[in-house]
Amino acid sequence: MHPYLDIHPEVQQALVAGQPVVALESTIISHGMPYPKNVETALAVEAAVRDTGAIPATIAIFNGKCYAGLTEEQIRYFGQAENVWKVSLRDMPYVLSKKLYGATTVAATMRIASLAGIRVFVTGGIGGVHRDAANSMDISADLTEMGQTSVAVVSAGVKSILDIGLTLEYLETKGIPVVTYGQDEFPSFYSQKSGFTSPLRLDTPEEIAALLDTKWKMGLEGTVLIANPVPADREIVSDEMEIHIQIALSAAKERKITGKEVTPFLLKYIADHTKGECLEANIALIKHNAKVGAAIAVAYSKL
Ligand code: PSU
Ligand code: MN
């Protein structure tokens, strides 16, 4: 076992037996959603993974170790504690060596999932190329990590707080296949539409599992981004979202928010100013992603 890794016994057992396991991130719990909805959602997402026949492994850092698989009590802690770091790759050595509490982003969760031998990871939204990145150079470490670590990422597409077009260009540069599940258009998190055609489309978990298997057997390291559109009855149309996003972006600029604070600030600002419908969409889409991701993990485990 890796000296900085602690795998939950149930997860370890599943991995040894070749059973499907789905990794889940913790930044969404500690920094992406308000309490108590964050804890309810994290537990519901784990349940959705189980219902679909896979074992969930929520990933976080504490006690100087990376944990793959948390207890309910630990998830509750991460949902309420004030002292939890948002940990991307850059923060990992500091938070580990100082034995602090760290909630892992997409990038850090992928790296830990990979160390543990987990091949499928489910989240809500990934980080990407920010609007105005030409000036701010704000490009999430999620994208560079996705170029090198071989863990599939299931998300609801790319949130339009980011520049979706530039994010798709960056994914292409990194050699990352982008597959939309069941439709031609790439989704934009709250909305099924984004105005961009998805580079690829597949309609079944089995076809996606075959793509993963082929990619990795070819020695093509890195992720496949699987974009799963938000359920139709929870969708918020892009024009309506754009108004909220513009206001949130101006607020961030006015308050001189920079670096790792940008994404959590925008997410919280939008959630606080939209009377809960964005939060409800967020919860619905991540549960939906959990089901699709678990079905992909099940199909992949049979290959
Ligand atoms: N987008 C969301 N919800 C989230 C995040 C992004 O819709 O919770 C979180 C994820 O953990 C993602 C991180 O990995 O924000 C990206 O942060 P940054 O942009 O600082 O790399
Ligand atoms: Mn950033």
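Counting starts at 1 for both ligands and their atoms, in listed order. Note that this is a predicted model, so its numbers are computed, not measured.
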Revision key, fill the gap. Here the pair of heavy atoms bringing V153 nearest to M110 is CG2-SD, 3.8 Å
Review point. Going by distance only, is there an N or O of K159 that falls short of 3.5 Å from an N or O of ligand 1?
Key: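 For ligand 1, there is an N or O atom that lies under 3.5 Å from one belonging to K159.
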Review point. Based purely on interatomic distance, does V106 place a nitrogen or oxygen under 3.5 Å from a nitrogen or oxygen of ligand 1?
Key: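 Yes.
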Review point. Hey, are S194 and S188 close enough side-chain-wise for a donor-acceptor pair under 3.5 Å?
Key: no
Review point. Side chains of T123 and S155: is there a donor and an acceptor less than 3.5 Å apart?
Key: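 No - no donor-acceptor pair under 3.5 Å links their side chains.
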**Study point:** Heavy-atom gap K86 to ligand 1 smaller than 4.0 Å
**Key:** yes
Review point. So which N/O/S atom does D138 have closest to the Mn ion (ligand 2)?
Key: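 Going through the N, O and S atoms of D138 one by one, OD1 ends up nearest to the Mn ion (ligand 2).
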Atoms in ligand 1 flagged as close to [X], the criterion being non-hydrogen separation under 4.0 Å:
| X | result |
| --- | --- |
| F189 | 7 (O) |
| T105 | 11 (O), 14 (O) |
| D142 | 12 (C), 14 (O), 16 (C) |

Give me the residue, atom name and distance of the protein heavy atom closest to [atom].
| atom | answer |
| --- | --- |
| atom 15 (O) of ligand 1 | T263 CG2, 3.6 Å |
| atom 6 (C) of ligand 1 | G125 O, 3.4 Å |
| atom 9 (C) of ligand 1 | T27 CG2, 4.0 Å |

Practice item. For this output row, return yes or no: ring centroids of Y77 and Y101 closer than 6.0 angstrom. Key: yes
Side chain, backbone, both or neither: which part of [X] has a heavy atom under 4.0 Å from ligand 1?
| X | answer |
| --- | --- |
| L267 | side chain |
| H130 | side chain |
| E25 | side chain |

